[in-house]
**Student:** 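Below you'll find the structure I mean.
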Amino acid sequence: MSDDSFLAPLQSRSAMIHSGEAQARHAGKEDMRVISSQDGGILTLVATPIGNMGDISARAVECLNEADLILCEDTRTSAKLLQAHGIRTRTRPLHDHNEQERIPGLLELLEQGRRIAVISDAGTPLMSDPGYRLVRAVIAGGGHVTAVPGANAAIMALTLSGLPPHPFMFCGFLPPRDSARRENLSVLRAAEQAGLSATILWHEAPHRLAEMLASLAEVFGPERPAAVARELTKRFEEVRRGPVGELAAHYRDHAARGEITVVLGPPPADDTGSQDLDTHLREALKTLSIKDAASLVAGIVNLPRRTVYARALEMTRDAG
């Protein structure tokens, strides 16, 4: 079924209900595509359980019942939750592959005063899940976006990790390929060497967990405190804490299952990474060009060459 054929019944019903008031609202404003809360068109981001079905709020159930349309990451997955709570609202998939093409039709529905809810398979929408582009489009058009808060795996993992809760960074999923993953982590390590001190969180697939933890140990050091939280709120919930090198060894020998969040503690107070980088660069720049010095030092401090090159340029400008 095409998007147009699916949305047509909602558009038709909306036109009949709101035709009179819409004409009054838009009289003399034909060129304006503004969705306001007074019009009744509202996009609501609704958090759903991350495992335990009892973790949905009464307000979330009420919102989903009152919506004209529920956008789901996967309608088959969401059907179980909706059926359990007697929610019969029409659903439609919204995922990375169709979000952009669906936006115009959804904006039309909001302009007509419809109420649209967005849910993901589990947890808070947009957090490593679809919906960001739609939210941006509604905001850009002056529309009303709100949310019903609830379960979030990253926040729960952070609070259970025993690591400093703030400041923290949530970085979603790392790239699956080893080289891209290490480059991504090296950029974060470079940020630490420039002064960043925060607890960092990622989601990870179980079959990549051991490799991911090994990369963390290599880039941030095997003694960095960390935690692996899996199957949160479910029967086999587990939070394993310890140095990231030990966690990497454990999951190398014990395959993980379920939904996983990895938490990495901030660098220790006596971390000398930034001083080491500058010390090596100052010494190398005495005899080498900026390019050659950056290449040499990048291998020593285990950072991307372009990151070290940028720091070498900065130091040269400051000294000159």
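Starting from 1, each residue takes its place in the sequence as its number. Because the structure is a prediction, the values reported are computed rather than measured.
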**Student:** Measure from the side-chain N and O atoms of Thr261 to the backbone N and O of Ala154, and report whether any donor-acceptor pair falls under 3.5 Å.
**Tutor:** no
**Student:** Side chain of Arg224, backbone of Gly265: donor and acceptor closer than 3.5 Å?
**Tutor:** yes
**Student:** To the nearest 0.5 Å, how far apart are CZ in Arg241 and CG in Leu163?
**Tutor:** 8.5 Å
**Student:** I'd like to know if the side chain of Thr89 reaches the main chain of Leu64, judged simply by a donor and an acceptor atom lying under 3.5 Å from each other, with no hydrogens or angles considered.
**Tutor:** yes
**Student:** Which residue, Ile70, Asn65, Thr75, forms the side chain to side chain contact (heavy atoms under 4.5 Å, CB included) with Leu82?
**Tutor:** Ile70
**Student:** Would Leu188 end up clustered with Phe168 when hydrophobic side chains under 4.5 Å apart are linked, directly or stepwise?
**Tutor:** no
**Student:** Side chains of Val118 and Val135: does their closest heavy-atom pair fall under 4.5 Å?
**Tutor:** no
**Student:** Set out, in order, the CA-CA distance, both residues' side-chain angles and the distance that settles side chain to side chain contact (heavy atoms under 4.5 Å, CB included) for Tyr251 and Ile260, then state yes or no.
**Tutor:** CA-CA 12 Å; Tyr251 286 106; Ile260 295 168; over 6 Å; no
**Student:** Do you reckon Val138 sits in the same ILVMFWY cluster as Leu94, going by side-chain contacts under 4.5 Å, direct or chained?
**Tutor:** yes
**Student:** Which one of Glu259, Met212, Arg230 satisfies the side chain to side chain contact (heavy atoms under 4.5 Å, CB included) criterion with Glu204?
**Tutor:** Met212
**Student:** Determine the minimum heavy-atom distance between Ala229 and Ala157, stating which atoms define it.
**Tutor:** CB-CB, 3.8 Å
**Student:** Any ion pair linking Glu192 and Arg189 (charged N to carboxylate O, less than 4.0 Å)?
**Tutor:** yes
**Student:** Please report the shortest heavy-atom distance between Ala122 and Ile50, naming the atom on each side.
**Tutor:** CB-CA, 3.8 Å
**Student:** Report the distance from atom CD of Glu246 to atom CD of Glu223, rounding to the nearest 0.5 Å.
**Tutor:** 7.0 Å
**Student:** Would you mind reporting whether His250 and Val228 have side-chain heavy atoms less than 4.5 Å apart?
**Tutor:** no
**Student:** Can you hop from Leu160 to Val263 via hydrophobic side chains spaced under 4.5 Å?
**Tutor:** no
**Student:** What's the shortest heavy-atom distance between Thr44 and Cys63, and which atoms?
**Tutor:** CG2-SG, 3.6 Å
**Student:** Search all heavy atoms of Gly245 against all heavy atoms of Ala217 and return the closest pair with its distance.
**Tutor:** CA-CB, 4.0 Å
**Student:** Looking at every non-hydrogen atom in both residues, tell me the closest pair between Ala147 and Arg59 and how far apart they are.
**Tutor:** O-NH2, 3.4 Å
**Student:** Taking Thr159 for its side chain and Met156 for its backbone only, find out whether a donor-acceptor pair lies under 3.5 Å.
**Tutor:** yes
**Student:** Could you check whether any side-chain heavy atom of Phe220 comes within less than 4.5 Å of a side-chain heavy atom of Val244, counting everything from C-beta outward?
**Tutor:** no
**Student:** Parallel, tilted or perpendicular: which describes the rings of Phe170 and His203, with under 30° parallel and over 60° perpendicular?
**Tutor:** perpendicular
**Student:** When you measure from the side chain of Glu183 to the backbone N and O of Ser179, does any donor-acceptor pair fall under 3.5 Å?
**Tutor:** no
**Student:** Please answer whether the main-chain N or O of Asp96 pairs with a side-chain N or O of Arg133 as donor and acceptor at a distance below 3.5 Å.
**Tutor:** yes
**Student:** Locate the shortest heavy-atom distance separating Leu81 from Thr48; write the atom from each residue and the value.
**Tutor:** CD2-CG2, 3.7 Å
**Student:** Taking everything shown except Lys291 itself, do over 12 heavy atoms lie less than 6.0 Å from its NZ?
**Tutor:** no
**Student:** Measure the spacing between CG of Leu232 and CG of Asp55 and express it to the nearest 0.5 Å.
**Tutor:** 11.0 Å
**Student:** His95 side chain to His97 main-chain N or O, any donor-acceptor pair under 3.5 Å?
**Tutor:** yes
**Student:** Atom CG of Leu158 and atom CD1 of Ile200: how far apart are they, to the nearest 0.5 Å?
**Tutor:** 12.0 Å
**Student:** Where the side chain of Asp129 meets the backbone of Asp121, is there a donor-acceptor pair that is under 3.5 Å apart?
**Tutor:** no
**Student:** Check whether any side-chain heavy atom of Arg311 lies under 4.5 Å from a side-chain heavy atom of Asp278, and answer yes or no.
**Tutor:** yes
**Student:** Can you tell me which residue among Leu296, Leu285, Val297 is in a side chain to side chain contact (heavy atoms under 4.5 Å, CB included) with His280?
**Tutor:** Val297
**Student:** How about Glu211 and Asp178: do any of their side-chain heavy atoms sit closer than 4.5 Å?
**Tutor:** no
**Student:** Can you find a heavy atom in the side chain of Gln112 that is under 4.5 Å from one in the side chain of Leu109?
**Tutor:** yes
**Student:** If hydrophobic clusters are built by linking Ile, Leu, Val, Met, Phe, Trp and Tyr wherever their side-chain heavy atoms come under 4.5 Å apart, do Phe173 and Val187 end up in the same one?
**Tutor:** no
**Student:** Does Leu45 reach the side chain of Thr124, with side-chain heavy atoms less than 4.5 Å apart?
**Tutor:** no
**Student:** To the nearest 0.5 Å, how far apart are CD1 in Ile103 and CD in Glu101?
**Tutor:** 10.0 Å
**Student:** Any carboxylate oxygen within less than 4.0 angstrom of a Lys/Arg side-chain nitrogen, looking at Arg317 and Glu314?
**Tutor:** no
**Student:** Please determine whether side chain to side chain contact (heavy atoms under 4.5 Å, CB included) holds for the pair Leu216 and Leu247, giving the CA-CA distance in whole Å, both sets of side-chain angles, and the decisive distance to 0.1 Å.
**Tutor:** CA-CA 10 Å; Leu216 291 183; Leu247 293 175; over 6 Å; no
**Student:** Just how far is it from atom NZ of Lys286 to atom CG of Leu288, taken to the nearest 0.5 Å?
**Tutor:** 12.0 Å
**Student:** Do NZ/NE/NH1/NH2 and the carboxylate oxygens of Arg102 and Glu99 come within less than 4.0 Å?
**Tutor:** no
**Student:** Do Ile116 and Leu134 touch side chain to side chain, with heavy atoms closer than 4.5 Å?
**Tutor:** no
**Student:** Look at the side chain of Arg115 and the backbone N and O of Ile42, then say whether any donor-acceptor pair between them is shorter than 3.5 Å.
**Tutor:** no
**Student:** Indicate if Leu69 and Val145 have the same hydrophobic cluster label, given that clusters are the connected sets of ILVMFWY residues with side-chain heavy-atom separations under 4.5 angstrom.
**Tutor:** yes
